[in-house]
Amino acid sequence: MQKHSDAAAAPGPQPDSAPTSIAARAMATLRPGASSYLEGLNPEQRRAVETTDGPVLVLAGAGTGKTRVLTTRIAHLIATGKARPYDILAVTFTNKAAREMKARIGALIGPAGEGMPWLGTFHAIGTKILRRHAELVGLKSDFTILGTDDQLRLMKQVIADQNIDEKRWPARALGHAIDGWKNRGLAPEQVPPGEAGAFAFGKGGALYTAYQARLATLNAVDFGDLLLLCLKLWRENPDVLENYQSRFRYILVDEYQDTNVAQYLWLRLLAQGHRNVACVGDDDQSIYGWRGAEVDNILRFEHDFPGAAVIRLERNYRSTGHILAAASGLIARNEGRLGKTLRTEDEAGERVTVSGAWDSEEEARLLAESIESLQARKHPLSEIAVLVRISAQMREIEDRFVQLGLPYRVIGGPRFYERAEIRDALAYLRATANPADDLAFERIINTPKRGLGDATLQQLHAHARAERIPLLLAARRLIETDELKPRVRSTLRALVESFSRWARSIETMPHSEVAQTILEESGYTEMWQKDRSADAAGRLENLKEFVRSMEEFPDLAGFLEHVALVMDASEAEGAERVSLMTLHAAKGLEFDTVFLPGWEDGLFPNQRAIDESGRAGLEEERRLAHVGLTRARKRAKLSFAVNRRIHGLWSSTIPSRFIDELPPASVDVVEAPAHFSAGASRFDRNPAPFGSSYGTPGWQRAQANTAASGGRGFGSSYNAPPGGRGGPRQIEGELVAKSTGTPSAYSGGMRVFHTKFGPGTVAGVDGNKLTVDFDKAGRKMVLDSFVQQG
DNA sequence: TGTGAGTCAGTTTTT
DNA sequence: CTGACTCACA
């Protein structure tokens, strides 16, 4: 049970034996020590659970049962009668963490835990508070929460309004600056003059002010405001603050090392009531400095909350000895840390392996072979992860997996709600629900194309600004005048009337039907049905899913809130696939075997991180390495390549300095392939005969694939023995690919199947390159060796 | 209004 | 080498 306590952690048999909260409370008063939920905790964990009063900092190293402590602590507070579920404020960073915590509390103490109204992300709780007191900060309670793209659009408008050249001062940069200020809890008037002047010849501050003003007129907030406006609310209304201070008898914070200054201030204000604040975190896993997280918050905790109890969880239940030793040895090089030493009672296990490759392509190949040999030994693919520093590394690895037919999934990536069709559908709903939502209206006024282009929009804007009214209202007024061309006028009238009709139908129809109607009547669905590009079908699917998902919510407002805040798409779990993700995305997860490719100076540690943040940047990179290693239960396999393509150019690289920082006793250097023998390094070993890889399933499958496609194309480069070359094999590969003049076995109109993109139709042929319209993935250029006839 | 060439930059990412 | 974006042109 303890073994995989952190992430996996269905709380096993415990829930069955866990009493309901009332019984538990009664029992706990009689025999406080005997509560079943406390069983199986180690002494430190138990102390972290039972030290309920006063400030507590729990330094929970990777795999030490952090989530378990947090959830048990809540269960304990409730079971002992110290607090009712609604007395407890429990904040997390992600929705995923919040969901997981809810589920686990529910499992521990039964239905009583499900009613925890104040368990959620900082932003969700901030929203809840702001909606109650919206008018005190100049909003209406049905304010809209803007996503990043709306934010950007708004910034562009603000920049244009101030007659600033958007070329020289891009909206993105302004957005970055404003986000930074908001992360630090700074309202426009609080920005230090020096900083405000840095943007656009001293206009940064003015732009920030203007941006906030625009938000206010739109009755909208951005993510930063959800915290910042709480601060404003509380500072200006001490009675409101007091109310929340006394309401939250106990406060718990997850991942405290990730808090930014705004969140810190937010917490500190609330915690000044009962002062029962428990923060759980790990300074060694702070990897979000670049987006405002302040490691200092955790380093300074004892100073900020005098008399705080500091509890270290150092017993690791996840990884074997060598992995832990490697991770600990590495992180010990960091200076700015509170210091913990992870220990395990598990066996030493396998040493961490380090291997070099000639180039990144070979690295990908060796990695895939290694996975296949694990697979051949019945190692489940779902227990294997490949963690990369930057997503650009994924391409080559994916290519290799695709070629071998090795099932994988990418974690992270673009999310459901970020897709254009979902944002469009959302914009229709938003503009219907809130006629003042100019950004939404603007987004869809000409989607689908209905002849309401830039010129019309400008007119609307001018009118709206002059009258200080929303765009939709401006449109309604304008169509009564003769300022518009007849055609535009009638189109706009139709649109405006549609919106009125849809708005009325919200009262009478179930909201998912309203959505369906809007999508039909606006011509939006039709637009995609008519679209001949290959991904149109997928988009229609997404829209269906979108409408379907609305049914899970009681009303439109509830749904809109959900998409604004709880934006992660549910991912199908448990499939028998290798997981591929960035190191950042891996935090909180664990796998039996973890591959860590790309350990090269410049890539990892990343040069930019060092350039921008110097020593602190390097230390954050090192923490990232530590996070990567500690994801592994049994096996961690590092690798690097000595040649890598960076921005399209081949450059030679040297192994990451982190590799040399690993404790040698816990590391095995794996023999390098033939060509990798020059230069004296610790990786200089006898080359393994390359022929040994010919028997792997991957090799055989690659050959089979080649045969299936007629033995032509890129695949044929693999017919040359991969070993026995002194130079970059990549170049050979390219030469072979380019010199393939023989006509492809494929021709336009043929149906083909691609392992990654699925079925599709050939649209064009150029030598061994095919242009294929895939049914799901859209139009892609692929090499014919990657597809099969079908 | 839509396309095609040309330009330019190019970590990590949640809410 | 990509992909995102802009700008000129039809």
Side-chain angles (χ1 to χ4, degrees), chain A residues 91-98 120-127 145-152 156 166-167 170-173 176 179 182-183 221-228 254-255 258-260 262-263 266 286-293 360 387-396 399 411-415 417-418 446-457 561-569 581-588 598 602-613 617 620-621 623-625 627-628 644-651 730 734 780-781:
Chain A
V91 275
T92 64
F93 274 82
T94 63
N95 294 301
K96 195 177 157 208
T121 62
F122 276 100
H123 299 267
I125 289 168
T127 307
I145 301 165
L146 260 34
T148 345
D149 53 348
D150 288 323
Q151 227 179 100
L152 203 62
K156 280 188 176 152
E166 221 238 277
K167 291 261 170 50
R172 288 192 44 141
H176 187 75
D179 274 350
K182 289 191 172 178
N183 283 337
V221 299
D222 64 19
F223 285 119
D225 287 338
L226 294 173
L227 297 165
L228 208 54
D254 190 18
E255 306 275 17
D258 287 339
T259 48
N260 60 33
Q263 286 156 339
W266 193 92
S286 165
I287 55 175
Y288 285 111
W290 49 274
R291 70 178 194 213
S360 43
L387 311 183
V388 295
R389 175 65 240 281
I390 63 171
S391 18
Q393 283 172 266
M394 288 189 191
R395 160 96 56 121
E396 275 173 309
D399 280 354
I411 297 184
R415 279 165 291 277
Y417 65 88
E418 274 173 358
N446 203 27
T447 311
K449 298 274 181 298
R450 42 173 82 91
L452 302 174
D454 258 0
T456 313
L457 194 58
E561 176 105 357
H562 168 84
V563 271
L565 280 175
V566 189
M567 304 210 270
D568 45 22
M581 68 195 98
T582 64
L583 285 159
H584 284 91
K587 199 167 95 169
L603 180 62
F604 190 35
N606 191 273
Q607 192 57 48
R608 239 172 120 144
I610 297 174
D611 290 347
E612 273 169 27
S613 320
E620 182 154 312
E621 293 287 296
R623 291 194 291 268
L624 202 47
V627 166
R644 186 174 295 273
R645 211 187 325 216
I646 298 162
H647 305 332
L649 295 169
W650 282 100
S651 19
Q730 174 66 24
E734 278 173 2
K780 306 262 181 202
M781 291 267 280

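Values below: all heavy atoms of this structure, side chains included; hydrogens, waters and symmetry mates excluded. Proteins get letters first, then strands, A, B, ... in listed order; numbering begins at 1 in each.
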To the nearest Å, give me how far apart [atom1] ([X]) and [atom2] ([N]) are.
X: Ile287(A); N: dT11(B); atom1: CD1; atom2: P; answer: 18 Å
X: Ile610(A); N: dT11(B); atom1: CD1; atom2: P; answer: 15 Å
X: Ile390(A); N: dT13(B); atom1: CD1; atom2: C1'; answer: 15 Å
X: His647(A); N: dT2(C); atom1: NE2; atom2: P; answer: 14 Å
X: Arg389(A); N: dT11(B); atom1: CZ; atom2: P; answer: 10 Å
X: Gln263(A); N: dT14(B); atom1: CD; atom2: P; answer: 14 Å
X: Leu649(A); N: dG10(B); atom1: CG; atom2: P; answer: 15 Å
X: Asp611(A); N: dT12(B); atom1: CG; atom2: C1'; answer: 15 Å

How would you list, by chain and number, every residue that makes a salt bridge (charged side-chain N to carboxylate O under 4.0 Å, His left out) with [X], sequence neighbours excluded?
X: Arg608(A); answer: Glu612(A)
X: Glu621(A); answer: Arg389(A)
X: Asp150(A); answer: Arg153(A), Arg430(A)

With heavy atoms under 4.0 Å as the rule, sort Gln393(A) into base, sugar-phosphate or nothing. nothing
So what does Glu255(A) touch, heavy atoms closer than 4.0 Å: a base, only the sugar-phosphate, or nothing? nothing
For the side chain of His584(A), counting heavy atoms from C-beta on, which of dC1(C), dT13(B), dT15(B) is nearest? dT13(B)
dT15(B), dT13(B), dT11(B): which one has an atom nearest the side-chain heavy atoms of Arg291(A)? dT13(B)
Distances under 3.5 Å between nitrogen or oxygen atoms of protein and nucleotides 1-7 of chain B:
none

Roughly how many Å apart are dT12(B) and dC5(C), using the C1' atom of each and rounding to a whole number? 23 Å
Does Arg608(A) contact dT12(B) through a side-chain donor or acceptor facing the base, at a distance under 3.5 Å? no
Going by ring pair (Phe, Tyr, Trp, His ring centres under 6.0 Å), name the residues that satisfy it together with Tyr288(A), two or more places apart in sequence or in a different chain. Trp290(A), His584(A)
Return whichever of Gly224(A) or Leu624(A) has its heavy-atom-nearest nucleotide of DNA chain B closer to the 5' end. Leu624(A)
Ala98(A) versus Gly120(A), closest heavy-atom pair with distance: CB-CA, 4.1 Å
With the sugar-phosphate defined as primed atoms, P, OP1 and OP2, and the base as all remaining atoms, what B/S/- string results for nucleotides 3-10 of chain C, 5' to 3', for protein heavy atoms under 4.0 Å? S--SS---
Would Trp290(A) count as stacked on dT12(B) if the rule is ring centres under 5.5 Å and plane angle under 30°? yes
With sequence neighbours excluded, tell me which residues meet side chain to side chain contact (heavy atoms under 4.5 Å, CB included) with Lys449(A). Asn446(A)
Please state whether the phosphate of dT12(B), meaning OP1 or OP2, lies under 4.0 angstrom from any side-chain nitrogen or oxygen of Asn606(A). no
Check whether any side-chain N or O of Ser391(A) sits under 4.0 Å from OP1 or OP2 of dT12(B), and answer yes or no. yes
Mind checking what makes side-chain hydrogen bond (donor to acceptor under 3.5 Å, both in side chains) contact with Arg644(A), not counting sequence neighbours? Glu363(A), Glu600(A)
Go through the structure and list residues passing side-chain hydrogen bond (donor to acceptor under 3.5 Å, both in side chains) with Thr259(A), not counting sequence neighbours. Asn297(A)
Please confirm whether the backbone N or O of Ile390(A) pairs with a side-chain atom of Gln393(A), one donor and one acceptor, at under 3.5 Å? yes
Applying side chain to side chain donor-acceptor pair (under 3.5 Å) between Lys587(A) and each of Thr94(A), Thr582(A), Asp258(A), report the one that passes. Asp258(A)
